[in-house]
Amino acid sequence: MAQDKSPKENAGILDVETMTIFCKKKGFVYKTSEIYGGAAGFWDFGPLGAELNNTVKRTWWKRFVQDRDDVVGMDGAIISHPKVWEASGHAANFADIVLTCTKCNFKARADQLIESTLGLKCDGWKAAQINTSVADNHLKCPECKSPFNEAKDFNLMFETTIGPVKSAENTAFLRPETAQLIFSNFKIICDTSRVKLPFGIAQIGKAFRNEISPRDFLFRKREFEQMEIEFFVHPDKIKDCPIFAEVKDLKIGILTSEAQEAGKDCVHVKTIEEISQKYTTQWHAYWLGAILKWFIDDLGIKPENLRLREHLKSELAHYASACFDIEYKFPFGWKEIHGNADRTTYDLTQHMKFSKIDLSYFDEETKMKVIPYVAAEPSQGVDRAFLAVMFDAYHDDKARGNIVLKLKPSIAPIQVAVFPLVNKLEDGARSMYRDLKSCFPCQFDRSGSVGRRYARADEIGVPYCVTYDFDSETDKTVTIRDRDTTLQIRVPIAGLKTILADLIAGRAEFSTAGKKIEAK
Ligand code: GAP
């Protein structure tokens, strides 16, 4: 049995439990407050996880805010005026249906229980339909086999109190999505940022949902992070996207609502252009394509592990007229990692009604006031992107006898590891390391054999290891070893930073970036 591996890892099984153990062991993610037994649905990121998480967010912000002329950013508060959640509909509608055991008080999310025991999808079902299904199928508590109480709606928003006095007027909510802050700030952003339709407002931040059954590690948490854009267009121009050419040829599998209604799990590969012609508007399809490109180009996710799923009419959120998920092929099935709704003018209209403030936009061209239309709401969970990246990169290399985390070099939490071949070469190696550390996240490792050090670096996804040896002292060259191929090249220390920067950015081919060292 390989050392340092869990029994499942040794058996080559990659499931969510193996990933949870791996992430803990390598310093990516831990149960929160584990010394006290943890808290279900809450997780902490360790040194490597915090780096990777920040990088995921940084790539998103750069691509969708900094590199664009038509999106501006904001950062709203987690607690806001409770009217925000009345206006948005969350106070009345943001609920799952819960089943509670009459005897042991065990609580289950009704749709999940029915799906796992009866294999039935019950998105959009009301409590009455759930009760009928529970009674007809004699469903019992999985813990103690007693009957359930009547199914009840359970609002997922976490409540808190503003100030020292607990009272109905002082009750507030932790935001269940970042999006509403974009709507409530819409007017002030228009007035202060010189934005012109079509434009988007983007935000990254924490969101909280009191999930009935948090599960699957980072997949369903009670505290998580979202990266959201509300993309506003003129209500008379919701169809045509002038920048559609950027994404139109991208191909992706799609599970349509028609196929799902017919009970078929068949996926057809289509271009984004075909999707816009058949299933939704150009703007909506454009944003699905733009996000898919981020997953593939920035995060390095394999395209075959991504697909689109069209929402059934019965499962659409109260604010949406159409919605597509981007799903990732996890070991526990194809699951949503991104949601993208056509949100119409619903939210701005609601906030106008509840705040009695005019949130319309003055269109210079027509000299008319309009309520902008949210043609797309790319809504991304940071944690689910993180989890998809980890599963996609995880590779159990039987020949090497260790895990190789094949992260795209540009997002690896440690991009370069520096090894002195023997300890007496440490001074030279350290001076090179200090120089590299000013440019890349670097790690210095002097313990154990070089083979052991390569294995440790592979497991945390370090793409390039640089070994300083006896020849380095005289000819001022070093060896770089490539994580994915284990190929090695010899390069001058003087050019090392440029070579590594080119390799990490994908501008250079490893085999031609230096003098190839033949395997002995
Ligand atoms: N503003 C729209 C909105 O919040 P959503 O589909 O409920 O839509 C969007 O959530 C994304 O947020 C999901 O695709 C997922 O990536 C992430 N997300 C939602 N609930 C989550 C949870 N409990 N744990 C982790 N991520 C979650």
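Every value quoted in this text rests on a predicted model; they were computed, and no experiment measured them. Atoms within a ligand are numbered from 1 in the order they appear, just like the ligands themselves. The figures that follow rest on heavy atoms only: side chains count, while hydrogens, waters and symmetry mates do not.
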**OP:** Please assess W125 against S133 for the test side-chain contact (heavy atoms from CB on, under 4.5 Å), listing each intermediate value before the final yes or no.
**Re:** CA-CA 10 Å; W125 281 20; S133 179; 3.7 Å; yes
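At the top of the distance list for atom 25 (C) of ligand 1, counting protein heavy atoms only, stands F219 O, 3.2 Å. Among all non-hydrogen protein atoms, the one lying nearest atom 18 (N) of ligand 1 is F224 CE1, 3.5 Å. The single protein non-hydrogen atom nearest to atom 9 (C) of ligand 1 is S379 OG, 3.0 Å, given as residue, atom name and distance. The single protein non-hydrogen atom nearest to atom 6 (O) of ligand 1 is E336 OE2, 3.1 Å, given as residue, atom name and distance. Among all protein heavy atoms, the one lying closest to atom 17 (C) of ligand 1 is G381 CA, 3.7 Å. Among protein heavy atoms, the minimum distance from atom 10 (O) of ligand 1 is reached at Q226 NE2, 3.5 Å. Summary of contacts: the protein heavy atom closest to atom 7 (O) of ligand 1 is R209 NH1, 2.8 Å.
Between E211 and R222 there is no salt bridge, since none of the side-chain N atoms of the basic residue sits less than 4.0 Å from a carboxylate O of the acidic one. A salt bridge is absent between R309 and E336: the closest approach of a Lys/Arg side-chain nitrogen to an acidic carboxylate oxygen does not fall below 4.0 angstrom. With salt bridges taken as basic N to acidic carboxylate O contacts below 4.0 Å, none links K57 and D298.
Separation of the F217 and W43 ring centroids falls under the 6.0 Å cut-off. For W287 and F231, the ring centers are positioned less than 6.0 Å apart. Taking the six-membered ring for Trp and the full ring otherwise, F332 and F330 have centroids separated by under 6.0 Å.
Residue contact check: E177 has heavy atoms under 4.0 Å from atoms 1 (N), 2 (C), 3 (C), 4 (O) of ligand 1. Taking every non-hydrogen atom of E377 and a distance limit under 4.0 Å, the qualifying atoms of ligand 1 come out as 1 (N), 2 (C). Close contacts of ligand 1 with G339, meaning ligand atoms under 4.0 Å from a residue heavy atom, involve 14 (O). In summary, the atoms of ligand 1 found under 4.0 Å from a heavy atom of E228, numbered by their order in the structure, are 1 (N), 2 (C), 3 (C), 4 (O). With ligand atoms numbered from 1 in the order given, ligand 1 contributes 14 (O) to contacts under 4.0 Å with heavy atoms of H338. Under a 4.0 Å criterion applied to the non-hydrogen atoms of I337, ligand 1 contributes the atoms 14 (O), 16 (O).
E115 places no side-chain N or O within donor-acceptor distance of the main-chain N or O of K121, the cut-off being under 3.5 Å.
Separation of atoms CD (E377) and OG1 (T344) is listed at 11.0 Å; rounding is to 0.5 Å.
Only the side chain of E211 comes within contact range of ligand 1, with a heavy atom under 4.0 Å; no backbone atom does. Residue T178 does not touch ligand 1, judged by heavy-atom distances below 4.0 Å. Heavy atoms of Y319 found under 4.0 angstrom from ligand 1 belong exclusively to the side chain. If you look at R343 next to ligand 1, the close heavy atoms, those under 4.0 Å, all belong to the side chain.
Applying the ring-ring contact (aromatic ring centres under 6.0 Å, His included) test to pairs two or more places apart or on separate chains, those with a residue in residues 14-37 are F22-Y394. Applying the salt bridge (Lys or Arg N to Asp or Glu O under 4.0 Å) test to every pair with at least one member in residues 381-392, sequence neighbours left out, gives these pairs: K221-D383, K302-D392.
Every heavy atom of D383 sits 4.0 Å or more from the atoms of ligand 1.
With a 6.0 Å radius and a threshold of 12 heavy atoms from other residues, nucleotides or ligands, D69 has its CG atom at or below the threshold.
The closest heavy-atom contact to atom 21 (C) of ligand 1, among the options E223, K221, R384, comes from R384.
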